[in-house]
Amino acid sequence: MIMERIDVYPTRTHEGFKLRAGQVQPFGATIVPGGINFSIFSSRATSCTLVLFRTGEPQPMIEIPFFEEFRIGNVYAMTVFDLDPETTEYGFRMDGPFEPEHGHRFDNSKVLMDPYARVIAGRDIWGEPPDWDDIYHHRSRPVLNDFDWESDRPLEIPIEDLVIYEAHVRSFTRHPSSGIKAAGTFEGMREKIPYLKALGINCIELMPIYEFDEFENSKKHPETGEMLLNYWGYSTVGFFSPKAGYASTGKFGMQVDEFKNLIKEFHANGIEVMLDVVFNHTAEGNEYGPTLSFKGIDNKTYYMLTPEGYYFNFSGTGNTLNCNHPVVRNMVLDCLRYWAAEYHIDGFRFDLAAILGRDQNGAPLSNPPLLEQLAHDPILAKCKLVAEAWDAGGLYQVGSFPAYGRWAEWNGKYRDGIRKFLKGDAGLAGEMSQRLQGSPDLYWTRGPTASINFVTCHDGFTLLDMVSYNGKHNEANGENNNDGGNDNHSWNSGWEGPSTDPAVNQLRERQMKNALTLLMVSQGVPMILMGDEVGRTQYGNNNAYCHDNELNWLDWSLMDARSGLLRFFQKSVAFRRGHPVLRSRTHLRHTDYVGSGFPDMSWHGTEAWKPDWSESSRALAFMLCGQHAKGGTERDDHVYVAMNTYWDSLWFHPPQLPPGTHWHIAINTGMPSPDDIWEIGHEPVLGDQGSIMLGPRSTVVLVGR
Amino acid sequence: MEVQTRNSDNITILEVTGDIDGSTAPALQEKVLEALQPGGKLLLDMSGVDFMSSAGLRVMLVIYRQISSNNGQCLLYGLSESLQDTMAATGFLKFFTLSDDLNAGLETLRQ
């Protein structure tokens with residue numbers, strides 16, 4: 001039976017354009033039979049006009065008012081017939097009061113971008129300087145979402161089994177050494193998937209890919225004259241659009257298909273895709289910032305404002321999205337649902353997520369409706385939800401982020417604890433016992449899966465810099481080294497910066513391997529930073545957000561220069577993925593509940609069964625019983641991990657194994673490559689089963705079977 | 001966009017010249033349907049095509065699938081490098097059979 005709609009005809013015309021009242025839902029532009037439907041919300045506009053452009057034209061081809069019968073409630077909706085979606089760009093003008101003291105900033109001289117724009121044109125090629133006289137920079141476009149996913153869908157890998165790799169799309173392949181034709185794009189990343197597969201990671205977390213403006217607050221370095229950009233992109237222009245400049249086909253408006261094709265191919269290779277999403281603020285800045293969209297559509301709804309009408313600045317970037325306003329909350333929900341359903345995204349990491357728990361006046365909520373809604377949403381039900389559980393307004397919620405049984409957190413305390421322990425600080429044994437078993441002190445009711453463990457991330461030092469610099473060196477950022485964090489907990493291993501001293505370099509290599517080993521044997525969910533596997537450096541810059549150059553770009557020649565380190569990473573990741581005993585979904589109980597003769601986890605010192613929790617302790621060991629793997633449902637080898645952060649060698653004595661089983665050496669960071677790590681199944685038997693010497697600042701992992 | 005039709009043995013060859021986009025793609029689809037019997041074999045000579053828009057790519061895929069579902073065969077010949085790059089990046093390329101060589105392409109269709 002074929003049913004044709006009986007309402008596919010115009011009821012009005014305006015200067016030759018055929019119109020009728022539109023569908024109010026969904027918001028944004030939707031391709032419908034015979035035309036395009038446009039729908040936009042504003043609670044305080046007095047009238048609204050649709051502004052249509054032919055692609056790339058400086059002046060509109062037509063401006064069409066929303067007639068009175070086209071508005072239902074606070075939503076303006078209109079269908080325009082006979083438009084070619086491929087050659088149409090659209091925006092809006094809104095009439096209304098300009099009364100900043102009351103929160104209103106209407107200005108009908110501005111053409112405004114649709115907050116629900118699925119494609120944003122106008123900045124199609126990365127770094128191409130815009131025409132500053134353009135009346136409409138970020139141009140909304142309709143899109144046909146008919147990508148052929150075939151049988152793909154999100155992978156739904158249990159979160160405890162993930163190894164996350166945090167990467168920046170452009171930095172990953174922009175360096176000339178990548179050998180990629182479409183360098184710095186989604187397509188470039190797609191071509192390098194075999195490298196990531198060989199590394200063994202099974203989740204890639206992409207730094208912001210929403211449309212942003214790399215020229216936002218761009219400036220020249222006062223001394224070097226170098227152009228400083230909004231390179232990382234933690235400032236959203238449009239929440240529903242992939243960044244055109246990240247697509248090799250962005251100049252043809254095909255970024256949607258290109259990004260989906262990347263995700264589809266990641267999935268085909270068993271790799272999940274997590275997006276780093278920035279809902280805490282927008283690219284419109286404060287009262288001095290540009291009016292691009294929200295500010296001119298409904299300033300008072302979209303932003304948190306002081307009683308005097310100024311912008312709250314909990315994000316540290318000028319404004320704060322009013323995300324617990326019911327309308328804004330629905331936008332965030334619509335947005336995440338769109339990425340999950342239409343792009344098959346596997347999870348989201350929320351930048352400065354503590355802001356999402358603030359009310360409209362900025363006060364922290366005990367039961368934030370947005371966070372609860374996301375946790376219980378039917379479409380997001382299998383997505384990973386990860387919070388950066390702090391904000392720039394001083395709200396620090398690591399361990400206390402409202403989780404609703406769903407939310408995980410970037411565990412900042414894990415990062416700090418591991419760093420201090422590795423550099424040999426005293427008094428860390430007790431804290432390490434928590435961090436290594438999934439931080440039950442922070443996540444007792446939530447389980448180790450609430451803890452995203454990391455030693456490095458985009459903010460702060462790279463792994464090599466963490467062991468090469470005592471202090472930050474951010475002069476290149478043009479702020480007299482005043483930007484970036486000062487709590488790096490780093491140690492330069494004896495010399496500040498690059499060194500030719502073999503002893504210093506060997507120590508650095510060992511410390512990097514120590515850090516990775518601890519990350520891989522910790523309960524919880526490990527995350528590694530792009531390039532750490534080959535010793536990427538930012539030359540001590542711990543806040544490289546503004547550099548489109550080698551400070552951020554991954555140098556692919558390091559794969560050869562640092563082949564030993566790369567091999568260690570590959571084998572360490574394989575070790576974690578090959579040993580379920582490292583990946584418990586629930587907290588370890590420190591009892592033997594399967595009758596194996598060993599508790600699921602036990603603590604040791606240099607002597608078996610005698611952990612040293614004293615202030616001066618720099619030797620710690622633990623054993624995981626393989627018969628307790630995954631709550632006793634899987635069989636694994638026993639795993640024994642010994643850590644020596646002391647500056648001298650120490651003998652460790654592992655627990656005695658049952659007759660017929662032996663300890664084998666899986667990892668010894670005190671040995672040079674390739675004797676530092678052994679492939680699963682090929683580990684050599686420990687010569688003296690009762691003892692093993694750990695070199696200075698070394699880590700050993702034994703497997704018992 | 002212009003389309004020239006010729007036949008070689010039982011293979012229909014369409015030589016396409018110009019851009020394939022939202023405004024020209026429907027005409028191409030019509031030409032293909034006119035020229036090809038169900039179960040027929042089609043070689044699309046794309047060497048005169050400089051640009052395919054998003055809508056153009058979609059219509060190409062629809063044509064290709066229409067032919068396949070009618071037990072026919074379709075092959076693209078002469079796609080420029082930049083078009084191949086665009087199609088690879090957007091995921092379209094892997095749905096098509098390609099040939100860089102006209103005779104080899106005809107031979108493939110004959111088998």
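Order of the sequence lines sets the chain letters (A, B, ...), proteins ahead of strands, with each chain counted from 1.
At a threshold of 4.5 Å between non-hydrogen side-chain atoms, the residues E34(B) and T5(B) do not count as touching.
Comparing A89(B), G91(B), G22(B) by heavy-atom pairs within less than 4.5 Å of chain A, the highest count is held by A89(B). Among V143(A), T185(A), D148(A), the residue making the largest number of heavy-atom pairs under 4.5 Å with chain B is D148(A).
No part of L61(B) comes within reach of chain A, as not one of its non-hydrogen atoms sits under 4.5 angstrom from that chain. K181(A) touches chain B through its side chain: at least one heavy atom from C-beta onward sits under 4.5 Å away, while N, CA, C and O do not. Both the backbone and the side chain of L144(A) come within less than 4.5 Å of a heavy atom of chain B. Only the backbone of M52(B) comes within less than 4.5 Å of a heavy atom in chain A; its side chain stays farther off.
Note on R190(A) versus E258(A): no salt bridge recorded, every NZ/NE/NH1/NH2 to OD/OE distance being 4.0 Å or above.
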Could you go step by step and tell me if Y64(B) and T97(B) meet the side chain to side chain donor-acceptor pair (under 3.5 Å) rule?
CA-CA 10 Å; Y64(B) 190 84; T97(B) 308; 3.1 Å; yes
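Geometrically, R20(A) does not engage F81(A) in a cation-pi contact, judged by NZ or CZ lying under 6.0 Å from the ring centre and within 45° of the ring axis.
S171(A) and Y231(A) share a side-chain donor-acceptor pair at under 3.5 Å.
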